Amino acid sequence: MPHTPTVPTPRSAHIWIWFALDAFLALFPPVYWVAARPKPTLFGLPCSIVYFGSLGIFITASLLAAYRDDERRGAFKSPVSAGSALPLSVPENMP
Amino acid sequence: MIITFSLIALFFLAVIVVLQRAHVSDKSFTDYAVADRSFGAGYQAMSFLNTWWPGSIFLALTGLAVSDGVTAFYMPIYSLLTVVLMYVMTDRVWHWGKLFDLKTQPDLFALRYNSRTFAIIGSVVGILSGVPWLVLGFKGLGALFQALSLGAIDATSAVMIGVVLMAIRQFWTIRMGMRGVVISDMFQGIVAYIGGSLVILGLIAWLIHSHGVGVAALSPTHLAAPGLFATVGPLYFFSLIFSGVVGGWCWPATFVRLYTADSVRSVQRAGALGAPLSLLFSIALVVLGLLASLLPEVAAAPDLAWFTVCRMAGGPLLLGLGGVVVLAGTMGNVDGNVQACGAQIANDIVGAYVTLDHKRAVLSAKLGMLAITLVSAWLATRTISHLVTLAILSYQGIIQLAVPQYLGIFWKRGNAMGSILGTVVGFILAIYLQTSYPDGPAWAWGLTSGVLALGVNAAVYLGCAVLLPHADAERQRVDNLFALTDGRLATPNAATARAMPQTCHNT
């Protein structure tokens with residue numbers, strides 16, 4: 001089969017930005033220093049719970065958006081097909 | 001007790017029936033180790049969740065939320081970020097796996113760095129680091145059976161029951177290899193994470209309606225994560241999430257999920273399917289712990305919060321169902337770890353010194369799994385002081401594989417020398433710092449020993465990449481490897497990438 005190389009269009013920039021925002025909002029300390037506090041309350045809920053809940057939804061949404069984007073741009077038309085395996089190439093001789 | 005143990009027995013029988021009906025003789029070691037890369041997105045999603053969230057998480061996450069409040073949210077968050085990491089690295093890892101018949105994480109190291117030495121180091125680190133967690137998994141079932149017996153069984157007997165049950169379960173893991181693990185993960189995953197989520201949501205509703213509890217009633221300390229002026233340091237919370245994210249894919253049992261899928265699409269679709277379920281399950285579990293912390297019975301014993309709330313809300317029946325979901329999660333986690341260890345013993349340790357045909361490779365893997373199961377089961381029946389400390393140590397150690405793993409996947413210049421030196425230095429430093437400063441060095445602003453060692457590890461790796469650049473042949477080989485996954489090189493030319501290592505210096 002056909003090892004036709006398929007070159008999909010690159011992943012959309014907005015997906016990469018979204019992934020970067022995922023990491024920034026979860027890992028950049030000043031964000032959680034400010035957001036993971038009891039006050040103020042938002043929609044009647046403590047700020048920390050709103051922050052963690054929203055962050056979880058935000059990250060999950062980025063994955064759904066990335067998958068949708070990959071389907072749309074044809075990223076899954078893989079050049080690798082069944083039966084194309086090659087044996088692992090590392091030399092048999094041990095160091 | 002009859003009700004709770006009957007439910008456990010019914011679930012166990014159902015798992016065995018599923019496994020018996022699904023048995024297929026393996027055709028090759030690839031079939032045994034990664035199920036011939038045959039699973040679609042649904043199986044992949046459940047398999048990942050069943051490996052990622054062990055049964056003990058029902059106790060640990062609710063317990064953490066009861067005692068430390070919203071700090072417990074770090075687990076749901078890093079777990080979701082781990083899926084993002086999977087999403088971006090899958091393309092290259094899966095394609096290399098398919099093209100070069102990679103079956104384990106150390107196989108990837110061997111291919112990328114052209115170094116069997118580093119593959120063996122990675123394999124040994126993975127196996128040794130996994131054993132304390134396997135022992136904890138076995139021991140965790142002791143708490144389960146003691147709770148389900150409503151106090152009728154003492155702690156030692158409960159541990160023995162758990163060990164025997166889990167050891168019996170491993171017969172099918174050993175017999176069926178990865179195919180059995182993934183198929184049972186589907187059933188166990190549905191019970192643990194879909195059934196478990198329904199139970200959790202029901203318990204939250206019960207707490208709100210029967211006890212009138214709400215998050216507004218929580219104390220301010222329960223509603224704040226460690227911040228700028230926290231005694232544990234301002235970067236402690238960052239360390240928790242960061243080491244969780246980068247460490248997630250360092251575990252052999254987790255990493256091998258990337259090789260059981262039938263395509264990149266299946267892995268990434270599994271991420272898109274699994275993330276919402278993971279989000280719902282884990283966030284709800286933390287919220288349950290937060291609300292339950294307002295009950296005096298739960299606050300008195302945070303580690304048993306899950307069982308206490310189940311029993312209070314629904315008596316023996318709900319307690320039994322709560323036990324079933326814990327057992328389902330534990331089975332998936334233990335099975336995955338045992339299988340991954342066995343595959344690595346055969347493929348990366350024995351196979352590095354002896355040429356194994358299919359039958360001998362499968363036999364080696366089975367013997368390895370049997371040995372791991374027996375050793376872990378035996379250790380679980382012993383009193384081991386500092387077992388939890390040992391498990392934490394092993395975690396700080398195994399995350400040192402993150403540097404060569406991720407930089408090797410995304411960056412061409414890293415070399416075998418840097419990966420070996422960086423990992424060894426990082427591993428030793430992490431162990432030293434963790435044993436010297438069990439609560440973290442006071443001067444590190446909350447950075448944990450593993451994260452500090454990762455920094456040194458990365459510096460060594462980058463230094464070697466700069467000071468010891470690839471020879472021309474190796475540079476060409478690595479270029480070709482990367483070209484295979486970005487469409488610049490068609491598969492037949494992979495032979496170039498394949499052949500080159502044999503002429504290169506083997507570190």
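The chains referred to below are lettered A, B, ... by the order of the sequence lines, with proteins before strands, and numbering in each begins at 1. Fair warning: this is a prediction, and the values are worked out from it, not measured in the lab.
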Q: Select, from B:Val84, B:Ile241, B:Val245, the one with the greatest count of heavy-atom pairs under 4.5 Å involving chain A.
A: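 Looking at each option in turn, the highest pair count goes to B:Val84.
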Q: So for B:Pro220, is it side chain, backbone, both, or neither that comes closer than 4.5 Å to the heavy atoms of chain A?
A: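 Both backbone and side chain of B:Pro220 come within 4.5 Å of chain A.
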Q: Quick one: which of A:Ile59, A:Leu45, A:Leu55 has the most heavy-atom pairs under 4.5 Å with chain B, could you say?
A: A:Ile59
Q: Any salt bridge linking B:Asp91 with A:Arg11? Criterion: basic side-chain nitrogen under 4.0 Å from a carboxylate oxygen.
A: no
Q: Using a cut-off of under 4.5 Å for heavy-atom pairs, which of B:Val286, B:Thr30, B:Leu81 has the most such pairs with chain A?
A: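 Ranked by heavy-atom pairs under 4.5 Å with chain A, first place is B:Leu81.
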Q: Quick check: do B:Leu258 and B:Met86 have side-chain heavy atoms less than 4.5 Å from each other?
A: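 In contact.
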Q: Given the side-chain rings of B:Phe237 and A:Phe52, with only the six-membered ring counted for Trp, is the space between their centroids under 6.0 Å?
A: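 B:Phe237 vs A:Phe52: aromatic centres under 6.0 Å.
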Q: Please determine whether the number of non-hydrogen atoms from other residues, nucleotides or ligands lying under 6.0 Å from atom CH2 of A:Trp33 exceeds 12.
A: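 Yes, CH2 of A:Trp33 has more than 12 neighbouring heavy atoms, counting only those of other groups under 6.0 Å.
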Q: Answer with side chain, backbone, both or neither: which region of A:Ser62 has an atom nearer than 4.5 Å to a non-hydrogen atom of chain B?
A: side chain
Q: As a quick check of understanding, evaluate salt bridge (charged side-chain N to carboxylate O under 4.0 Å, His left out) for B:Asp101 and B:Arg37, giving each step before the final call.
A: CA-CA 10 Å; B:Asp101 195 26; B:Arg37 302 176 215 283; 3.2 Å; yes
Q: Taking side chain as everything from C-beta outward and backbone as N, CA, C, O, which of these in A:Ile57 sits under 4.5 Å from a heavy atom of chain B? Side chain, backbone, both or neither.
A: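 Interface part for A:Ile57: both.
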Q: Less than 4.5 Å apart, any side-chain heavy atom of A:Leu63 and any of B:Gln268?
A: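 The answer is no; the side chains never approach within 4.5 Å.
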Q: Less than 6.0 angstrom separating the ring centers of B:Tyr78 and B:Tyr74, yes or no?
A: yes
Q: Identify which part of A:Tyr32 has an atom lying under 4.5 Å from any heavy atom of chain B, answering side chain, backbone, both or neither.
A: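 For A:Tyr32, the contact with chain B is made by the side chain alone.
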Q: Most heavy-atom pairs under 4.5 angstrom with chain A, which of B:Ala216, B:Ser282, B:Ala275?
A: B:Ala275
Q: If you tally heavy-atom pairs under 4.5 Å against chain A, which of B:Gly214, B:Pro234, B:Ala225 wins?
A: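 The option with the most such pairs is B:Pro234.
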Q: Contact part of B:Leu273 toward chain A, heavy-atom cut-off under 4.5 Å: side chain, backbone, both or neither?
A: neither
Q: Counting only heavy atoms closer than 4.5 Å, note whether B:Ile283 contacts chain A via side chain, backbone, both or neither.
A: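 Just the side chain, heavy atoms under 4.5 Å.
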Q: Let's test your reading of the structure: which of A:Val34, A:Ile15, A:Asp70, A:Thr41 forms the most heavy-atom pairs below 4.5 Å with chain B?
A: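 Winner by heavy-atom pair count: A:Asp70.
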Q: Any side-chain heavy atom of B:Arg265 sitting closer than 4.5 Å to one from A:Glu71?
A: yes
